[in-house]
Amino acid sequence: MKPLLSQSQDNDALRALGRASVQIVHDLKNQLNGLKLYATFLRKRLEKDERPTDELETINKLIAGLDRTARDVSLIVDYGRPLDLKKQSGTDLERIMRGVAAGLNAENLSAHPPVTGGLSGAIVVAAEAGPLVGEFDPVLLSEAFKAISISAMKMLTSKAHEGSLAIQLKAEAVESRRDAVIEWSVFDASNHDPFHSFAGSNEIRLSLAARIIEAHSGSANGQNGALCVRLPLAT
């Protein structure tokens, strides 16, 4: 039995579907922004009329929910866009990771509620001695590391974990090459792959990060209670 579509036609159809999906999601985001505008206007009216506290709490929860949905929709739009890699030789992965951690720690001190949710401690980065340098896009990898770190914090918070988020960097020899291995300890021993499931906003964020990692010939998966990323280092 002959296939209904050739390989090239099938790829063209998938690309067209992807473009259409991004446009639909973009339009949905515009509608959400419109709803938030009306909800914000209603909140101002309630505040002016000195309405009961529970009514203001309800409208605040509605606005917060619209904000969360808009952020999730933005993630889907970002996932549907092509990646434009701008690799730079000599990019230091440890420097990128420490910069991301420092930024999130600073945000945690000023944000309400904190970026780290229920975690009481800061993000702690530990790296083995030796360079972790390769040809990478520092901007995109910084976005990926930040997304994974935020997701790891949310995973720890959901397990009522108190303390810090530990991130470990090391190098491993694999056949004729060296890989950088970055692990975010989340104490999750399940077989669930959060990087490729799209099961919720956290998984969408991780799927986008995995797409960036894989575009650098790396891999991302959950293993041994950690979120693990591998990236090829310069030889």
Side-chain angles (χ1 to χ4, degrees), residues 83 85-111 114-157 159 161-191 193-196 202 205-235:
L83 293 176
L85 291 183
K86 297 179 180 177
K87 293 183 178 181
Q88 298 178 18
S89 59
T91 301
D92 189 331
L93 296 179
E94 181 181 349
R95 178 177 295 181
I96 294 176
M97 189 70 259
R98 291 192 181 279
V100 167
L104 288 175
N105 284 334
E107 286 182 40
N108 184 50
L109 293 175
S110 59
V115 176
T116 53
L119 295 184
S120 59
I123 300 174
V124 178
V125 179
E128 294 182 356
L132 297 175
V133 175
E135 188 176 356
F136 307 112
D137 183 323
V139 175
L140 286 179
L141 277 187
S142 179
E143 292 178 5
F145 290 172
K146 182 176 181 179
I148 298 171
S149 299
I150 291 174
S151 295
M153 289 187 290
K154 291 181 179 295
M155 293 173 73
L156 286 175
T157 300
K159 297 179 181 301
H161 175 78
E162 295 183 359
S164 303
L165 168 64
I167 304 175
Q168 175 73 38
L169 292 86
K170 59 184 178 181
E172 284 187 359
V174 181
E175 297 178 352
S176 60
R177 71 175 195 273
R178 290 174 66 247
D179 282 355
V181 180
I182 308 173
E183 294 181 337
W184 289 256
S185 296
V186 294
F187 308 105
D188 185 353
S190 69
N191 293 324
D193 180 7
F195 284 102
H196 303 92
N202 220 34
R205 185 182 295 108
L206 287 173
S207 295
L208 177 57
R211 186 163 173 254
I212 294 172
I213 299 298
E214 290 162 2
H216 286 85
S217 301
S219 64
N221 55 67
Q223 61 182 36
N224 301 324
L227 301 177
C228 181
V229 163
R230 285 181 172 271
L231 286 162
L233 296 173
T235 54

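Numbers here simply count residues along the sequence, with the first being 1.
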Worksheet item: Quick one: are Glu135 and His216 in side-chain contact, heavy atoms under 4.5 Å?
Response: no
Worksheet, complete the sentence: Hits for side-chain hydrogen bond (donor to acceptor under 3.5 Å, both in side chains) against Arg98, two or more places apart or cross-chain, chain-then-number order -> Glu94
Worksheet, complete the sentence: Heavy-atom closest pair (Ile123 atom, Met153 atom, distance to 0.1 Å) is CD1-SD, 4.0 Å
Worksheet item: Excluding sequence neighbours, so at least two apart, what forms side chain to side chain contact (heavy atoms under 4.5 Å, CB included) with Val124?
Response: Ser164
Fill in: Side chains of Met97 and Ile182 in contact at under 4.5 Å (non-hydrogen atoms)
yes
Worksheet entry | Closest heavy-atom pair and its distance - Ile167, Ser149 | CD1-OG, 3.9 Å
Fill in: Over all atoms of both residues, closest heavy-atom pair of Pro232 and Ser217
CD-O, 3.6 Å
Item to complete: Apply salt bridge (Lys or Arg N to Asp or Glu O under 4.0 Å) to the pair Arg230 and Asp179, showing each step before the final yes or no.
Response: CA-CA 6 Å; Arg230 285 181 172 271; Asp179 282 355; 3.8 Å; yes
Item to complete: Measure across Leu85 and Ala215 and return the closest heavy-atom pair with its distance rounded to 0.1 Å.
Response: CD1-O, 3.4 Å
Worksheet item: Rounded to the nearest 0.5 Å, how far apart are CD1 of Ile96 and CG of Asp137?
Response: 8.5 Å
Fill in: Atom pair CG/CZ of Leu93 and Phe136 - distance to nearest 0.5 Å
4.5 Å
Discussion item. Applying side chain to side chain contact (heavy atoms under 4.5 Å, CB included), can you list everything that pairs with Glu128, at least two apart in sequence or on another chain?
Written reply: Gln168, Lys170
Worksheet item: Going from CD on Glu214 to CG on Leu83, what distance comes out if it is rounded to the nearest 0.5 angstrom?
Response: 10.5 Å
Worksheet, complete the sentence: Of all heavy-atom pairs linking Cys228 and Val181, the shortest is SG-CG1, 3.8 Å
Worksheet entry | Test log, rule side-chain contact (heavy atoms from CB on, under 4.5 Å), inputs Phe195 and Leu227 | CA-CA 9 Å; Phe195 284 102; Leu227 301 177; 3.9 Å; yes
Worksheet item: Do you know the tightest heavy-atom contact between Ile148 and Ala209?
Response: CG1-CB, 3.7 Å
Fill in: Pairwise distance NZ(Lys87) to OG(Ser89) - rounded to 0.5 angstrom
11.5 Å
Discussion item. Measuring from atom CD1 of Ile212 to atom CG of Leu231, what distance do you get when rounded to the nearest 0.5 angstrom?
Written reply: 11.0 Å
Item to complete: Could you grab the distance from atom CG of Leu165 to atom CE of Met155, nearest 0.5 Å is fine?
Response: 10.5 Å
Worksheet entry | Pair Lys146 + Glu107: basic N to acidic O under 4.0 Å | yes
Discussion item. Treating Thr91 as the side-chain partner and Pro138 as the backbone partner, does any N or O pair qualify as donor plus acceptor under 3.5 Å?
Written reply: no
Worksheet entry | Contacts of Ser151 that satisfy side-chain hydrogen bond (donor to acceptor under 3.5 Å, both in side chains) - sequence neighbours left out | Asn202
Discussion item. Restricting to side chain to side chain contact (heavy atoms under 4.5 Å, CB included), what partner residues turn up for Pro131, sequence neighbours left out?
Written reply: Val133
Worksheet entry | Pairing residues for Glu143 by the side-chain hydrogen bond (donor to acceptor under 3.5 Å, both in side chains) criterion, not counting sequence neighbours | none
